[in-house]
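As structure tokens, the structure follows; a few thoughts come after it.
One-based numbering, in listed order, for ligands and for the atoms of each.
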Amino acid sequence: MEFVIREMKEKDIPKVQDLWREVNIELTYSDKHEELVKMIKHNPELCIVLKDTIEKDIFGAVLGGFDGRRGWIHHLAIQPSIQGNKYGTFMMDELFRRFKEKNVVKLKLEVLKNNKDIIDFYKKLGWTHRTDLTTMSFTLKK
Ligand SMILES: CC(C)(COP(=O)(O)OP(=O)(O)OC[C@H]1O[C@@H](n2cnc3c(N)ncnc32)[C@H](O)[C@@H]1OP(=O)(O)O)[C@@H](O)C(=O)NCCC(=O)NCCS
């Protein structure tokens, strides 16, 4: 099978949500359809999917967002049947290229403690594991 990367469109959202569920990414308020539409509209070049060229099914997805200072990466997922074939790396490389095109200086992402094995994947891509930081959040809307 051959795969290509393209920008995420609104019509992809249900399949992307299914993919996230399949790989056990917890979906929150921010992953509701209307919220994802907002994200895509705000960052059209940074939210991308991996699709096969024949059936045009979604096999991978990742959300990138630029807040004016940092680039943020959320919910990278590769369909389990094709994991381990460097498609995760392929999607991250493409996202790096797109962030670079926007002159973004630094990228950040968060890893849940129950998914900490994934840190090795990011380290192989050159990410630094910051152990001097902890995360805080505040919910404005539920
Ligand atoms: C993380 C994920 C996107 C990686 O995609 P992938 O296509 O399987 O990864 P790649 O084939 O590009 O892997 C690149 C390297 O990272 C390693 N790696 C991949 N997943 C790993 C994991 N879960 N733990 C440790 N190492 C991992 C690979 O073994 C490979 O190592 P190598 O270069 O020495 O051969 C995929 O496993 C996935 O969708 N996981 C579930 C969702 C998830 O947890 N997302 C991250 C949210 S923070």
Side-chain angles (χ1 to χ4, degrees), residues 1-102 104-140 142:
M1 233 186 305
E2 241 182 278
F3 296 94
V4 289
I5 290 172
R6 68 153 166 74
E7 290 171 11
M8 195 183 290
K9 297 176 184 154
E10 181 173 357
K11 69 173 166 57
D12 300 326
I13 289 175
K15 280 189 178 170
V16 169
Q17 289 167 323
D18 285 347
L19 171 64
W20 286 335
R21 285 188 200 99
E22 198 178 348
V23 299
N24 297 318
I25 286 181
E26 190 196 340
L27 302 189
T28 67
Y29 185 93
S30 304
D31 302 306
K32 284 181 187 293
H33 189 97
E34 322 75 68
E35 293 299 306
L36 291 170
V37 170
K38 258 199 252 173
M39 180 72 182
I40 295 170
K41 280 198 178 143
H42 216 74
N43 302 279
E45 298 95 1
L46 300 174
C47 298
I48 53 177
V49 293
L50 179 77
K51 71 173 186 69
D52 75 285
T53 50
I54 297 166
E55 302 288 341
K56 299 188 169 52
D57 265 342
I58 304 282
F59 280 82
V62 63
L63 300 174
F66 180 45
D67 65 13
R69 179 176 169 87
R70 299 291 185 233
W72 281 92
I73 296 180
H74 311 270
H75 288 8
L76 171 68
I78 296 294
Q79 217 272 323
S81 67
I82 63 158
Q83 281 180 11
N85 292 292
K86 298 281 190 279
Y87 290 113
T89 303
F90 179 46
M91 291 205 77
M92 289 293 281
D93 285 347
E94 175 62 16
L95 199 47
F96 288 167
R97 194 188 64 72
R98 289 167 180 249
F99 273 119
K100 272 188 194 157
E101 241 172 36
K102 295 185 176 299
V104 175
V105 174
K106 194 168 191 175
L107 302 177
K108 310 266 276 186
L109 61 78
E110 292 178 322
V111 171
L112 283 172
K113 283 202 169 143
N114 67 10
N115 196 20
K116 60 181 169 22
D117 287 354
I118 219 78
I119 289 170
D120 282 344
F121 166 76
Y122 291 115
K123 279 186 176 169
K124 283 181 177 163
L125 297 181
W127 286 73
T128 302
H129 180 198
R130 294 279 299 268
T131 52
D132 57 328
L133 286 175
T134 192
T135 292
M136 298 184 75
S137 70
F138 192 102
T139 303
L140 291 169
K142 278 183 190 156

Taking all non-hydrogen atoms of both residues, which atom of [X] and which atom of [Y] are closest, and how far apart?
X     : Y     : answer
Thr53 : Lys56 : O-NZ, 3.5 Å
Met91 : Val62 : CE-CG1, 4.1 Å
Ile40 : Cys47 : CA-SG, 4.3 Å
Leu76 : Ile25 : O-CD1, 3.7 Å
Met39 : Gly64 : CE-O, 3.4 Å

Applying the side chain to side chain contact (heavy atoms under 4.5 Å, CB included) test to Ile48, which of Asp12, Leu63, Ile5 qualifies?
Ile5
Could you please spell out the steps behind the ring-ring contact (aromatic ring centres under 6.0 Å, His included) verdict for Phe59 and Tyr87?
CA-CA 9 Å; Phe59 280 82; Tyr87 290 113; 8.6 Å; no
Do [X] side-chain atoms and [Y] backbone N/O form a donor-acceptor pair below 3.5 Å?
X     : Y     : value
Gln17 : Asp31 : yes
Asn43 : Leu46 : no
Glu10 : Val37 : no

Please test Arg97 against Glu101 for salt bridge (charged side-chain N to carboxylate O under 4.0 Å, His left out), starting from the C-alpha separation and ending with a verdict.
CA-CA 6 Å; Arg97 194 188 64 72; Glu101 241 172 36; 2.9 Å; yes
Protein contact of [atom] - nearest heavy atom, named by residue and atom, plus distance:
atom                    : answer
atom 22 (C) of ligand 1 : Ile118 CD1, 4.0 Å
atom 14 (C) of ligand 1 : Thr89 OG1, 3.4 Å
atom 4 (C) of ligand 1  : Phe121 CE1, 3.7 Å
atom 38 (C) of ligand 1 : Gln83 NE2, 3.4 Å
atom 11 (O) of ligand 1 : Lys86 N, 2.7 Å

Any protein heavy atom < 4.0 Å from atom 46 (C) of ligand 1
yes
Within a distance of under 4.0 Å, is there any protein heavy atom near atom 28 (C) of ligand 1?
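Given the 4.0 Å cut-off, atom 28 (C) of ligand 1 does not count as touching protein heavy atoms.
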Which of the numbered atoms in ligand 1 are below 4.0 angstrom from a heavy atom of [X]?
X     : answer
Gly84 : 6 (P), 7 (O), 8 (O), 11 (O)
Ala77 : 39 (O)
Asn85 : 11 (O)

If we set the cut-off at 4.0 Å for heavy atoms, which region of [X] has an atom near ligand 1: side chain, backbone, both, or neither?
X      : value
Trp20  : neither
Lys124 : side chain
Asn24  : neither

Is there a polar contact between ligand 1 and [X], counting only N or O atoms under 3.5 Å apart?
X      : answer
Ile82  : no
Asn115 : yes
Leu76  : yes
Asp117 : yes
Ile78  : yes
Val23  : no

Audit row: Arg70, Val104, side-chain contact (heavy atoms from CB on, under 4.5 Å) steps and yes/no
CA-CA 7 Å; Arg70 299 291 185 233; Val104 175; over 6 Å; no
Tyr122 touching ligand 1 at heavy-atom level, < 4.0 angstrom
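Contact present.
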Classify the ring geometry between His75 and Trp20 as parallel (under 30°), tilted (30 to 60°) or perpendicular (over 60°).
perpendicular
Of Gly88, Ala61, Gly60, which has the heavy atom at the shortest distance from atom 5 (O) of ligand 1?
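The residue whose heavy atom sits nearest atom 5 (O) of ligand 1 is Gly88.
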